[in-house]
Protein chains: 2
Amino acid sequence: MAHDALRRLKVVRPKRIYEQIAEQIETLVRDGTFVPGARLPAERELAEMLGISRPSLREALIALETAGLIETRIGDGTYVRADLGGGRVFPLSGRDMGPGPLEQFEARRAVECAAAELTAARADAEDRAALTASLARMRTLIAAGTNPADEHRIFHVRLGDASRNGILSGAIRELWRLRQEPMWDLLRRKVENPESWHAGIHFRSRLLDALEARDPTAARREMETHFDRAGRTYFDPKE
Amino acid sequence: MAHDALRRLKVVRPKRIYEQIAEQIETLVRDGTFVPGARLPAERELAEMLGISRPSLREALIALETAGLIETRIGDGTYVRADLGGGRVFPLSGRDMGPGPLEQFEARRAVECAAAELTAARADAEDRAALTASLARMRTLIAAGTNPADEHRIFHVRLGDASRNGILSGAIRELWRLRQEPMWDLLRRKVENPESWHAGIHFRSRLLDALEARDPTAARREMETHFDRAGRTYFDPKE
DNA sequence: TCCTGTCAATTGGACAGACCAATTTTCGCG
DNA sequence: CGCGAAAATTGGTCTGTCCAATTGACAGGA
């Protein structure tokens with residue numbers, strides 16, 4: 001069938017002139033035709049060279065200025081910004097990046113700590129049984145030397161569901177899904193090991209105790225401690 | 001000598017119209033006046049509303065588009081991009097029934113307390129000035145006997161933005177948008193009055209003090225106290 | 001000679017009006 | 001009731017014009 005081919009179709013977005021021009025100029029800057037600090041031709045001149053009107057050229061220049069590539073000085077001219085340090089990439093294209101790992105982490109800390117507090121007060125026997133079972137599976141996986149990451153997700157999502165708050169549980173589910181994306185695999189692989197898996201078991205065991213005791217404060221405290229420790233491990237520049 | 005004063009001189013950069021307009025529209029988007037997915041007025045209309053020419057407005061729109069805030073569809077209109085920040089992480093819509101007020105409240109408590117903590121550590125002078133200005137507007141509104149609910153939203157959304165966490169700030173924006181819906185008006189009307197408005201001023205003033213002092217712990221504590229008090233007012237069955 | 005104020009040229013900033021093209025909406029026909 | 005053509009709406013682009021800021025040449029005075 002042709003279904004496979006059809007699936008590859010992309011939505012055609014009519015390229016507006018200003019985008020084409022901006023890309024052209026970006027290329028010229030990248031390949032060194034326009035050196036940082038250099039002055040571009042005057043707007044009227046450049047527009048004629050490119051065969052477009054001055055407003056369209058201006059729109060392209062505005063886009064490039066917003067992207068941080070160029071700089072215009074009234075009454076003087078348009079210049080390629082000189083402070084384009086080598087590593088700086090221009091966000092003109094491919095700017096659809098999701099939230100970074102730190103943002104995800106901070107958000108998860110916020111919602112999971114709150115969810116733990118609520119869950120301690122609201123979880124029923126079934127919830128507790130499911131969490132206990134998940135913890136047991138984790139132990140089995142670790143004993144077999146397997147990474148329990150997937151079971152971690154199940155545990156925390158179930159914990160969120162038990163909070164009986166659809167917003168928080170939905171957010172937790174979504175944040176863990178983001179966390180599973182391959183992009184952050186490398187970051188995790190650096191700090192995760194069988195030892196950290198065992199520490200995770202201890203933490204979740206204590207958390208479960210707090211739930212059994214129906215102690216919201218203790219549950220939140222356990223979760224906060226967990227995130228504080230994880231945060232130091234992942235994001236502290238000490239090592 | 002006047003050397004000390006001279007040292008404070010800043011290079012004046014004439015703000016071009018498109019920059020001013022872009023900033024205006026950006027604040028309208030960020031404080032929730034223009035909801036993600038919403039359609040902006042037509043270019044001709046918007047230009048007239050702002051008292052500028054269409055080319056200038058178009059330059060502002062192109063800047064916002066380059067910045068990834070809006071999206072234009074030829075022959076249709078200009079739309080606020082729907083995939084901003086935590087709009088996807090906190091799935092509030094698409095369910096048969098929206099989340100109830102208690103769910104909203106618990107979620108807001110979670111994200112706003114976390115955001116306050118981060119903001120205390122990350123807010124810059126501009127953020128603090130904006131929050132101070134918002135608080136001043138609140139005082140004016142209350143003095144005139146007007147309900148400051150809209151300014152409340154602006155204050156808290158700005159506070160969230162200053163946390164520099166797109167997920168949290170997006171969630172706060174969404175949750176406050178939800179709160180503004182007419183469905184919960186009655187609930188609020190029962191417990192809100194000029195006296196509670198004044199209490200809100202005091203709370204936000206103390207919160208601002210914590211931000212000025214760059215004290216994350218104090219900022220979080222103020223926010224938690226606020227939510228605890230509001231929670232008792234709204235949801236306690238005592239009365 | 002050197003400084004200084006002035007004036008003209010250059011350049012970007014902004015506006016008005018018009019026309020084209022894509023999209024959506026409306027409405028009449030089958 | 002469904003469907004296709006016409007009309008209205010909306011963004012895309014162009015032409016032309018005028019204004020404001022900057023620059024640089026130039027003449028005049030210390």
Side-chain angles (χ1 to χ4, degrees), chain A residues 9-26 28-29 34-82 92-93, chain B residues 9-26 28-29 34-82:
Chain A
L9 288 179
K10 270 181 60 179
V11 178
V12 290
R13 257 210 331 140
K15 279 257 184 175
R16 283 172 284 172
I17 287 191
Y18 93 82
E19 291 181 284
Q20 303 177 39
I21 300 300
E23 283 177 14
Q24 277 194 51
I25 298 178
E26 181 184 355
L28 293 180
V29 171
F34 287 135
V35 160
R39 197 184 123 163
L40 271 56
E43 289 186 358
R44 294 165 176 82
E45 195 178 338
L46 196 51
E48 193 184 6
M49 287 164 63
L50 293 163
I52 60 174
S53 71
R54 204 172 144 222
S56 292
L57 193 251
R58 280 180 60 80
E59 291 183 354
L61 295 179
I62 299 271
L64 291 168
E65 188 176 16
T66 303
L69 245 161
I70 63 174
E71 170 186 17
T72 73
R73 301 176 202 162
I74 302 178
D76 183 0
T78 307
Y79 293 81
V80 178
R81 286 190 56 161
L92 253 191
S93 45
Chain B
L9 287 180
K10 271 181 59 179
V11 178
V12 292
R13 262 222 321 146
K15 278 253 179 177
R16 283 172 285 171
I17 285 193
Y18 93 82
E19 289 180 284
Q20 303 177 39
I21 300 300
E23 282 177 14
Q24 277 194 50
I25 297 178
E26 182 181 354
L28 290 181
V29 169
F34 286 139
V35 155
R39 199 185 123 166
L40 269 58
E43 288 187 359
R44 295 163 176 82
E45 199 178 336
L46 198 51
E48 193 185 5
M49 287 164 65
L50 293 163
I52 60 174
S53 72
R54 202 168 148 226
S56 293
L57 173 63
R58 280 181 60 80
E59 290 182 354
L61 293 179
I62 283 173
L64 290 170
E65 188 177 16
T66 304
L69 217 67
I70 64 174
E71 170 186 17
T72 73
R73 303 176 201 159
I74 301 178
D76 182 1
T78 306
Y79 292 82
V80 177
R81 284 189 58 158

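Side chains are part of it too, since the values below use all heavy atoms of this structure and drop only hydrogens, waters and symmetry mates. We name chains A, B, ... by the order of the sequence lines, and we start the count at 1 in each one.
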Q.
Between C1' on D:dT13 and CD on A:E19, what's the gap in Å once rounded to a whole number?
A. 14 Å
Q. Taking OH from A:Y18 and C1' from D:dC14, how many angstroms apart are they, rounded to a whole number?
A. 18 Å
Q) Hey, does B:I17 have a side-chain heavy atom less than 4.5 Å from the side chain of B:L50? A) no
Q.
At less than 3.5 Å, do the side-chain atoms of A:R54 and the base atoms of C:dG13 form a donor-acceptor pair?
A. yes
Q | Smallest separation among heavy atoms of B:R81 and B:G68, with atom names | A | CD-O, 3.2 Å
(Q) Does a side-chain N or O of A:T78 approach OP1 or OP2 of C:dT11 to a distance below 4.0 Å, or not? (A) no
Q | Euclidean distance, atom CD of residue B:E71 to atom P of D:dT10 [Å, nearest integer] | A | 18 Å
Q | Nearest-nucleotide 5' precedence on DNA chain D, B:R73 against A:I74 | A | B:R73
Q: State, yes or no, whether a side-chain contact exists between B:R39 and B:D76 at a heavy-atom distance under 4.5 Å.
A: yes
(Q) Under 4.0 Å from OP1 or OP2 of C:dG13: is there any side-chain N or O of B:S56 that close? (A) no
Q: List the atom of A:A22, the atom of A:A60, and the distance in Å for their closest heavy-atom pair.
A: N-CB, 3.8 Å
Quick one: which protein N/O atoms are closer than 3.5 Å to N/O atoms of nucleotides 4-8 of chain C? Pair and distance per line, please.
none

Q: Can you sort out which residues in residues 39-49 of chain B have a heavy atom within less than 4.0 Å of DNA chain C? Ascending by number, please.
A: B:R44
Q: Spell out, as yes or no, whether a donor-acceptor pair under 3.5 Å connects the side chain of A:E59 to the backbone of B:R58.
A: no
Q. Separation of B:L50 atom CG from C:dA14 atom C1', in whole Å?
A. 15 Å
**Q.** Protein-nucleotide distance (B:E59, atom CD; D:dG11, atom C1'), rounded to Å
**A.** 16 Å
Q: Report yes if the side chains of A:Y18 and A:P55 come closer than 4.5 Å at any heavy-atom pair, otherwise no.
A: no
Q) Which atoms form the tightest heavy-atom contact between B:V35 and B:V80, and what is the distance? A) O-CB, 3.6 Å
Q.
Measuring from the side chain of A:T72 (C-beta onward, heavy atoms only), which nucleotide among C:dA16, C:dG13, D:dG12 has the closest atom?
A. C:dG13
Q) According to a strict under-4.0 Å criterion, is A:R58 in side-chain N/O contact with OP1 or OP2 of C:dG12? A) no
Q. For A:I62 and B:T66, what are the C-alpha separation, side-chain angles and deciding distance, and is it a side-chain contact (heavy atoms from CB on, under 4.5 Å)?
A. CA-CA 9 Å; A:I62 299 271; B:T66 304; over 6 Å; no
Q. Can you tell me how far CD1 of B:I70 sits from CG of B:L40, rounded to the nearest 0.5 angstrom?
A. 6.5 Å
Q.
On DNA chain D, does the nearest nucleotide to A:D76 precede the nearest nucleotide to A:I17 from the 5' side, or the other way round? Give the residue.
A. A:I17
Q. So does B:Q20 have more than 12 non-hydrogen atoms from other groups sitting under 6.0 Å from CD?
A. yes
Q: Nearest whole angstrom, please: distance from the P of D:dG11 to the CD of B:E65.
A: 12 Å
Q | Between P of C:dC15 and CD1 of B:I21, the distance in whole Å | A | 9 Å
Q: In whole angstrom, give the distance that lies between atom CZ of A:R16 and atom P of C:dA21.
A: 17 Å
